[in-house]
Number of protein chains: 2
Amino acid sequence: MLTDRQLFILQIIIDDFIRSAQPVGSRHLAKKNDVSYSPATIRNEMADLEEMGFLEKTHTSSGRVPSEKGYRYYVDHLLSPGSLRRSERTAIHSVFADRQEGLEKAIQNAATILSELTSYTSIVLGPKFNDNKVKSLQIIPIDAQTAVAIIVTNTGHVENRVFSLPEGIEPADIEKMVNILNDRLTGVPLSELRHKIYKETTELMRRHLRNYEAVLHMFAEASGGSPIGKLFIGGKTNIFNQPEFRDVEKVRLVMDMMEKEHDVYQMIRPTDAKAGVQVKIGTENAEQAMEDCSLITASYSVGDQPVGTIAILGPKRMEYSRVITLVDFLSHDMTNVLTRLYNTRS
Amino acid sequence: MLTDRQLFILQIIIDDFIRSAQPVGSRHLAKKNDVSYSPATIRNEMADLEEMGFLEKTHTSSGRVPSEKGYRYYVDHLLSPGSLRRSERTAIHSVFADRQEGLEKAIQNAATILSELTSYTSIVLGPKFNDNKVKSLQIIPIDAQTAVAIIVTNTGHVENRVFSLPEGIEPADIEKMVNILNDRLTGVPLSELRHKIYKETTELMRRHLRNYEAVLHMFAEASGGSPIGKLFIGGKTNIFNQPEFRDVEKVRLVMDMMEKEHDVYQMIRPTDAKAGVQVKIGTENAEQAMEDCSLITASYSVGDQPVGTIAILGPKRMEYSRVITLVDFLSHDMTNVLTRLYNTRS
DNA sequence: TGTTAGCACTCTTTCTATTCGAGTGCTAAA
DNA sequence: TTTAGCACTCGAATAGAAAGAGTGCTAACA
């Protein structure tokens with residue numbers, strides 16, 4: 001077990017390293033105001049901490065650097081809870097205050113604000129309302145052979161798709177079709193739409209018109225939509241600011257990964273395993289490219305259903321305290337706003 | 001004026017430098033099969049070419065490197081017209097062969113293919129049909145206070161926006177409104193919609209219902225949409241492959257710029273000044289960050305109206321011949337496909 | 001007169017040696 | 001248990017020195 005003094009020293013070493021990015025030496029620490037031990041004493045403790053795996057040396061006669069285990073212990077036990085400035089709070093609140101621009105824009109703004117406040121890279125996984133319910137279906141003919149199918153959900157989300165009309169269909173037929181579809185499918189969750197569309201309406205449609213299959217098929221397709229929410233990444237190039245990423249190859253690894261939507265999604269998709277803020281340090285991330293990075297994630301919800309994730313990607317030497325507080329705060333804010341907004345319209 | 005031999009030497013110097021990224025020396029050139037002059041002769045010619053500003057030295061005793069003026073002359077006068085492999089042609093054709101996925105996906109694929117074929121960064125400015133005409137306007141109520149406004153154009157493009165309904169409006173009122181709007185605005189080009197919506201319908205609407213302003217305003221807003229087409233960038237990290245971008249600061253400049261949609265748009269927006277492929281070398285680009293890059297653009301059209309742009313961003317030391325051929329080919333292909341697709345539906 | 005061989009010169013790159021300083025580990029004294 | 005002292009290690013910085021690539025110029029050659 002660690003003595004109090006060891007805890008203290010571990011803490012100030014990591015704090016110092018996070019700020020300076022320089023290996024910290026015993027003499028340097030001893031000079032600090034709140035440290036009253038001599039360099040030699042500190043050296044002894046450092047040696048012990050290193051033996052236990054919390055610290056590392058870059059070479060035999062360098063100062064100490066936190067190991068991954070060290071960071072892990074730090075976030076689990078040593079973190080002083082950060083607090084937000086008033087200006088930060090209002091910045092975050094303002095993102096969702098003005099809904100005029102639409103949800104998508106608001107989410108994108110959230111990503112931008114987050115990266116600006118932290119000067120790390122932010123990732124926001126937009127909400128996917130799988131239990132969105134159909135509010136209205138429309139078919140708008142464009143010309144003799146073509147039409148647009150439109151699905152509006154109870155959250156105001158609109159899916160649309162161009163498709164070819166069956167040969168020789170009449171405007172009256174289309175109207176009939178739309179009526180049937182609306183009659184039978186209003187209120188059906190999007191996730192079930194594909195299934196229900198065939199089950200509920202095939203019979204009816206067949207009675208009223210020929211060539212209904214193409215149309216049904218089309219609607220089923222459009223309802224599929226993207227299986228995941230949209231990804232927004234803010235401050236992609238912030239990683240360039242980090243001194244440990246002076247190396248082109250390292251930057252490249254991370255940049256490449258950020259371009260691969262699928263990988264990013266895998267990394268931050270909401271896991272309902274644990275609620276609250278999650279921290280993944282270095283190799284704790286599955287992604288190879290993340291071995292020098294840390295990822296802080298929190299999911300946000302509508303009601304008690306998690307619908308999306310916000311995350312901060314930075315160097316392992318991250319300001320954990322600040323970022324955790326920020327991410328926690330924003331995710332709660334988003335949960336509140338979205339819940340108020342969407343949970344009422346059922 | 002340049003002698004034939006000077007032209008020849010300038011050409012092989014640039015060809016060689018494009019391939020190797022190394023300053024090319026007289027001895028190195030003389031050893032090539034198709035060069036029958038001695039190093040000394042070549043040195044003399046090089047000195048002349050340098051004096052005329054086509055070549056530069058990185059330091060007093062280095063080989064020569066093409067200057068910006070050199071590249072400019074090269075693309076204007078020395079370019080051997082490249083040809084495409086069959087596999088490249090089919091790759092390009094295949095992008096637009098299958099329209100099932102929708103236009104947006106196809107455009108995105110174009111960007112991806114382009115960056116993969118060239119191993120540079122590709123930028124595609126999605127089509128903006130400003131003369132799209134309104135086909136249909138819809139208002140779908142979501143709940144008592146909220147509704148979605150939808151505009152469908154003759155190309156099948158759908159704009160939508162959530163908005164707040166005026167207090168105490170009745171479903172019948174909405175229907176009336178939609179009828180008036182459709183009656184008066186069908187066929188109006190999107191670019192004029194904002195204007196016409198007030199001019200044509202205010203009077204009528206006022207007669208039929210209170211609080212029409214909010215609704216009109218909303219439609220006017222939605223019709224504004226994004227003033228520009230959507231941007232797709234492929235192979236953002238390809239720049240890392242270029243040896244002259246080993247430097248983190250240089251990469252950063254370019255990366256930062258690519259994140260700023262507005263800057264990118266300014267750079268590649270269609271200029272109907274010149275048709276065909278345009279090449280901007282280094283500082284010929286307005287953008288500061290581009291001083292070590294070249295940009296090759298071509299716009300594509302529907303009919304004879306340019307609607308979007310494709311571009312390749314690479315180092316000044318770019319394979320101009322290949323890329324120009326490729327960009328030219330793809331832009332024509334896109335023009336053909338889009339013209340066939342959209343020009344019929346007027 | 002145009003071309004080429006030869007040579008001195010320049011500048012970068014690479015290697016080696018040296019020094020400097022920050023930091024450690026260990027021992028012994030307080 | 002803490003601390004002072006000291007030898008030791010290693011990286012970073014500095015300065016030559018040598019190697020190598022390439023040039024410019026001059027003079028000879030065809």
Side-chain angles (χ1 to χ4, degrees), chain A residues 1-10 12-17 19-67 70 243-244 246-247, chain B residues 1-10 12-17 19-67 70 243-244 246-247:
Chain A
M1 247 322 57
L2 293 173
T3 67
D4 280 357
R5 193 167 66 187
Q6 284 172 331
L7 290 182
F8 175 67
I9 289 178
L10 180 58
I12 54 177
I13 287 176
I14 299 186
D15 281 340
D16 195 272
F17 183 69
R19 223 164 310 145
S20 69
Q22 299 294 329
V24 359
S26 56
R27 215 178 107 79
H28 173 73
L29 271 197
K31 270 188 291 191
K32 293 200 159 202
N33 289 341
D34 45 354
V35 177
S36 54
Y37 314 108
S38 73
T41 309
I42 296 174
R43 276 206 290 283
N44 288 332
E45 298 289 28
M46 280 172 149
D48 290 349
L49 285 167
E50 181 176 358
E51 201 172 357
M52 289 184 276
F54 294 109
L55 296 178
E56 286 171 352
K57 280 188 285 194
T58 59
H59 55 89
T60 28
S61 73
S62 72
R64 300 308 208 285
V65 157
S67 68
E244 52 266 68
R246 284 257 146 263
D247 179 14
Chain B
M1 245 326 56
L2 293 173
T3 67
D4 280 357
R5 192 168 67 186
Q6 283 172 332
L7 290 182
F8 174 66
I9 288 179
L10 180 57
I12 54 177
I13 287 176
I14 299 186
D15 280 340
D16 194 271
F17 183 69
R19 223 164 310 143
S20 70
Q22 299 295 327
V24 359
S26 56
R27 219 179 105 77
H28 173 72
L29 272 197
K31 270 187 293 191
K32 294 198 160 204
N33 290 340
D34 44 356
V35 177
S36 53
Y37 314 108
S38 74
T41 309
I42 295 174
R43 275 205 290 283
N44 288 332
E45 299 288 29
M46 280 173 149
D48 291 349
L49 285 168
E50 182 176 359
E51 202 173 356
M52 288 185 277
F54 294 110
L55 295 178
E56 285 170 351
K57 281 188 284 196
T58 60
H59 55 88
T60 30
S61 74
S62 72
R64 300 307 207 289
V65 157
S67 69
E244 51 266 68
R246 284 257 147 262
D247 179 13

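In what follows, chains carry the letters A, B, and so on, assigned in the order in which the sequence lines appear, proteins first and then strands, with residues in each chain numbered from 1.
Atom pair A/Ile13:CD1 and C/dT24:C1' shows a separation of 13 Å (rounding to whole Å applied). Going from atom CD of B/Glu51 over to atom P of D/dC25 covers 10 Å, rounded to whole Å. A/Glu50 places its CD atom 10 Å from the C1' atom of C/dT24, with the value rounded to the nearest Å. Separating the CG atom of B/Leu55 from the P atom of D/dG24 is a distance of 11 Å, rounded to the nearest angstrom. Put simply, CD on A/Glu56 is 15 Å from P on C/dT24, counting in whole angstrom units. A/His59 has its NE2 atom 9 Å from the C1' atom of D/dT9, to the nearest Å. Atom P of nucleotide C/dG23 and atom CZ of A/Arg64 are separated by 11 Å, given to the nearest angstrom.
For the atom pair CE of A/Met46 and NZ of A/Lys57, the computed distance is 10.0 Å after rounding to the nearest 0.5 Å. To the nearest 0.5 Å, the span separating CD on B/Glu50 from CZ on B/Arg43 amounts to 13.5 Å. If you take CG on A/Leu29 and CD1 on A/Ile9, they are separated by 7.5 Å, rounding to the nearest 0.5 Å.
Residue A/Thr60 places at least one side-chain N or O closer than 4.0 Å to OP1 or OP2 of D/dC10. Note on B/Arg5: every side-chain N or O is 4.0 Å or more away from OP1 and OP2 of C/dG2. The side chain of B/Lys57 places an N or O atom within less than 4.0 Å of a non-bridging phosphate oxygen (OP1 or OP2) of D/dG24.
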(request) Check the pair A/Leu10 / A/Gln6 against side chain to side chain contact (heavy atoms under 4.5 Å, CB included), numbers first and verdict last. (result) CA-CA 6 Å; A/Leu10 180 58; A/Gln6 284 172 331; over 6 Å; no

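In summary, of the residues considered (A/Ile14, A/Ile13, A/Ile42), a side-chain contact (heavy atoms from CB on, under 4.5 Å) with A/Val24 occurs for A/Ile13 alone.
Checking side-chain atoms of B/Ser62 against main-chain N and O of B/Thr58 turns up a donor-acceptor pair under 3.5 Å.
The stretch residues 23-48 of chain A touches DNA chain C through A/Gly25, A/Ser26, A/Arg43, A/Met46, each having a heavy atom within less than 4.0 Å of the strand.
Checked by distance alone, B/Ser61 brings no side-chain donor or acceptor within 3.5 Å of a matching partner on the base of D/dT23.
Sparse packing is recorded around CG of B/Asn33, with 12 or fewer heavy atoms of other residues, nucleotides or ligands lying under 6.0 Å away.
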